[in-house]
Amino acid sequence: MNKICKNADQAVSGITNDMTLMLGGFGLCGIPENCIAALARSKVSGLTCISNNAGVDDFGIGLLLQNRQVKKMISSYVGENAEFERQLLSGELEVELIPQGTLAERCRATGAGIPAFYTPAGYGTEVADGKEVREFDGKMYIMERAFQSNYAIVKAWKGDTEGNLVFKGTARNFNPMMAMAGKITIAEVEELVAPGVLDPNEIHTPGIFVNKIFLGIDYEKRIEQRTTQEL
Amino acid sequence: MNKICKNADQAVSGITNDMTLMLGGFGLCGIPENCIAALARSKVSGLTCISNNAGVDDFGIGLLLQNRQVKKMISSYVGENAEFERQLLSGELEVELIPQGTLAERCRATGAGIPAFYTPAGYGTEVADGKEVREFDGKMYIMERAFQSNYAIVKAWKGDTEGNLVFKGTARNFNPMMAMAGKITIAEVEELVAPGVLDPNEIHTPGIFVNKIFLGIDYEKRIEQRTTQEL
Amino acid sequence: MLTKEQIAKRIAQELQDGYYVNLGIGIPTLVANYVPAGMSVTLQSENGLLGMGPFPTEQTIDADLINAGKQTVTTLPGSSFFDSATSFAMIRSGRVDLTVLGAMEVNDKGDIANWKIPGKMVKGMGGAMDLVASAQNIIVAMQHTNRAGQSKLLSELSLPVTGLGCVKKVVTNLCVMNITPQGFELVELAQGVSVQDVKDATQGRLRVSDNLTEIATS
Amino acid sequence: MLTKEQIAKRIAQELQDGYYVNLGIGIPTLVANYVPAGMSVTLQSENGLLGMGPFPTEQTIDADLINAGKQTVTTLPGSSFFDSATSFAMIRSGRVDLTVLGAMEVNDKGDIANWKIPGKMVKGMGGAMDLVASAQNIIVAMQHTNRAGQSKLLSELSLPVTGLGCVKKVVTNLCVMNITPQGFELVELAQGVSVQDVKDATQGRLRVSDNLTEIATS
């Protein structure tokens, strides 16, 4: 069973028009740069993208927005993106906003075979509209559902040919839950090693969740807010 | 803020009669040996113990059963324990059996502030008795609730004084979710280090979940099924 | 009639390259010994291990490394450890390709009973209910009849159910049967066993496949 | 009147040794600069970091290490990284002792609006709804009035709600107010601000504490 792909283009080659994708990352941190670039090259369109953010104008999911490949974004925060705003206001793009913790938990539920759960986030707000509201032990909760998605695309620091993944720093964010949640999960990694190189105790995502893996190239890792201090 | 306890007796000193405890471990692997011994010394009674298993006659939770300190066990499998069977049949001990995955997920839900979720495990069986049954996308599920417990007691391999924990091998099992789930969480560790020694990337349980930590002693790590081969 | 080892060996023929497999206690455990050469199969143990290897030697035994049967085991290159919630996440989300379980009873609708005998001490269901509720592909490995000679392949379960309509195939000492909408379908016979032997030992609805063959045990 | 820094400094007085704290974007972020000496406070960033340190130098900057405001940060000894599901598990289960947030409006029942202005581009709620629905102790840091001079402390929210009955305390440029069953309670005044100034700037139900004091800003 070979999970290894030659490159991003091969890894995303099964993605077709109108599919729903989960894309890891928080802001521009830990995003699957190689796969996004390959999707931009592929010209697939009508995509629904589940991702905490929508990138910036010329990087991350912003590249897919520029190409008009995205039909709908499901995110918690879509701030830094002028083209996004233009498409949204013109009605070209649909957006569903979800509380960040609910987004994370819905991804996790998907990967855990849990069809629905209750969370207090959004109770009493428009997020609760049309959802079941229920009291447990004197507190109010709303019912949230797992997602249905075709592919999950994640970025890890290291991976092995069995699909085991290790993330670095806050580039972990949504990647592990999305890796669990994809019907097919693609992982791009900065370092691809042989089985046994990664310590089994230190693996964040067990290989069973990963269907395709490849060694990414030319990571830009753009920084959105470059904040520094002098010592 | 000092989370460090001198020893197991100090760590469990807040546990009083009729409390509900979560105890990590699978079989005798990864059980909090030191805390169980301290509880046995403490003579607290009427305990409800949430633990995947109930130990063996003279080790693990079996020690608390011998002392008649346990009122109720909530477990998925209580096999290897003659004294357990005697108390159960005589009506001295109450037992609630829960599918293992449901037990794990209920612990995780408790620690994640999720009051209830749906799982397919047990649908159509006596486990579903009295529970809400519901269909999602053509499949039947039952609603399961988070636990209410006073203390969680876990065993880790390494820990630091901030409460960060790293587990080893399959001794991880239920420990991380229970650590998340305790109103108060006690961790015993084989090695206690200063903050910064553990790689922040490799921590399994972040310190925020752990209230008390101490360096355990004299680990026996008894093996239930000593299976070997000659090469 | 098949030995336990032959039952395991027959089930091993169901393996495919790249499969993730969960093996229950008893005969199912033996399946690991018959993985076809050149095939990569990864064993999942629900206590938190993927990539389980054979038993250790006396020198490499590790109390912190056991399987779901509480036996000491080893890891293979590419293995990973994880907590029990993640382990059952794999199981519930259908990532385990094949689950092999023992059973006390199976009925002709694919319901299974394997955790409780009324009147006897109940040890618990362990992970069995989670596995049968979620696994995409469940094969039961068991003796065709119980010690009293009664059929374990029934029209209705007599014992408390573990899961409904989940078993796809049963391999016994007598034969291989698929579970179909029409009940048990006898598809392969053990050497020396007749169709009538199977009929006599099967209480549930049974039909014989048009393509009945003999189980290859070599 | 308090500067933004003084608002942050006043909120820092609410910190206690051992607290885990989540600080929102804007004034709340500044609270980290005023942790009392000798006190151990751990900052949680909901994108997956516990034990956040100050900004890096140009030499130590790391694109894989940011906070929830997407700023590059560092870690302190004892820090840990985790995924977003675990991060919000901490938040929902009440493990975060203090949450400091900005707001567009707060009402006298403790409801908060801070994510959406109808007619303007909506950027999203990020983690705000999860935080306000679960935090045990929420302090709002904000200006008392908006740019048009209108009160942001209301009897009814005019903007879409983020969470109900969750704010415990508000620190503004004018004063400190607790949220009580009787509405806003003015407990501390900024130097040079009168009770009448606060009354004029507060649209919601307001009463003055019997123990009204001046905010210590030194």
Side-chain angles (χ1 to χ4, degrees), chain A residues 30 99 101-102 104-123 132-149 156-158 165-173 175-177 180 183 190-191 198-206, chain B residues 30 99 101-102 104-123 132-149 156-158 165-173 175-177 180 183 190-191 198-206:
Chain A
T102 299
E105 192 67 12
R106 287 179 67 187
C107 292
R108 197 258 170 200
T110 310
I114 301 293
F117 61 91
Y118 294 88
T119 176
Y123 170 70
E132 178 181 316
V133 170
R134 190 154 172 169
E135 185 177 333
F136 293 100
D137 301 322
K139 182 165 175 167
M140 302 304 292
Y141 296 85
I142 61 181
M143 189 178 83
E144 294 282 2
R145 298 290 312 274
F147 287 113
Q148 303 285 345
S149 77
W157 180 31
K158 297 177 188 173
L165 304 178
V166 174
F167 303 93
K168 175 166 162 267
T170 57
R172 196 183 314 184
N173 55 64
N175 284 298
M177 293 88 68
M180 291 169 70
K183 276 206 184 59
E190 292 181 60
E191 197 179 330
L198 301 176
D199 182 337
N201 242 353
E202 296 171 5
I203 286 165
H204 296 132
T205 295
Chain B
T102 298
E105 192 67 13
R106 287 178 67 187
C107 292
R108 197 256 168 202
T110 310
I114 301 294
F117 61 90
Y118 294 88
T119 177
Y123 170 71
E132 178 181 316
V133 170
R134 190 154 171 169
E135 184 176 333
F136 292 100
D137 301 323
K139 181 164 175 167
M140 300 305 291
Y141 296 85
I142 62 181
M143 191 177 82
E144 294 283 359
R145 298 290 311 274
F147 286 112
Q148 303 285 344
S149 76
W157 180 31
K158 298 179 188 173
L165 304 178
V166 174
F167 303 92
K168 175 167 163 266
T170 57
R172 194 181 315 182
N173 55 64
N175 285 297
M177 292 87 68
M180 291 169 69
K183 276 206 185 57
E190 291 181 60
E191 196 179 333
L198 300 177
D199 183 335
N201 242 353
E202 296 171 4
I203 287 166
H204 296 132
T205 295

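As a basis for the values below, the full set of heavy atoms in this structure was taken, side chains included, without hydrogen atoms, waters or symmetry mates. Note that this is a predicted model, so its numbers are computed, not measured. Each chain gets a letter, A, B and so on, in the order its sequence line appears, and its residues count up from 1.
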Which residues share a salt bridge (Lys or Arg N to Asp or Glu O under 4.0 Å) with A/R172, sequence neighbours left out: none
If you count heavy-atom pairs under 4.5 Å with chain B, which of A/W157, A/F167, A/F136 comes out on top?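 Of the candidates given, the most pairs with chain B belong to A/F136.
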Minimum-distance pair of heavy atoms, taken over all atoms of [X] and [Y]:
X: A/H204; Y: B/N201; value: NE2-O, 2.8 Å
X: A/G113; Y: B/P120; value: O-CD, 4.1 Å
X: A/I114; Y: B/F117; value: CD1-CD1, 3.7 Å

Could you please spell out the steps behind the side-chain contact (heavy atoms from CB on, under 4.5 Å) verdict for B/D137 and A/Q148? CA-CA 11 Å; B/D137 301 323; A/Q148 303 285 345; 3.4 Å; yes
Please list, chain by chain and in numerical order, all residues satisfying side chain to side chain donor-acceptor pair (under 3.5 Å) with B/K158, sequence neighbours excluded.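 Once residues adjacent in sequence are excluded, B/K158 has no partner under the side chain to side chain donor-acceptor pair (under 3.5 Å) criterion.
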Side chain to side chain donor-acceptor pair (under 3.5 Å) against A/E135, all qualifying residues, sequence neighbours excluded: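 With sequence neighbours excluded, A/E135 shows a side chain to side chain donor-acceptor pair (under 3.5 Å) to no residue whatsoever.
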Quick check on the structure: residues of residues 139-147 of chain A within a heavy-atom distance below 4.5 Å of chain B, by number. A/Y141, A/M143, A/R145
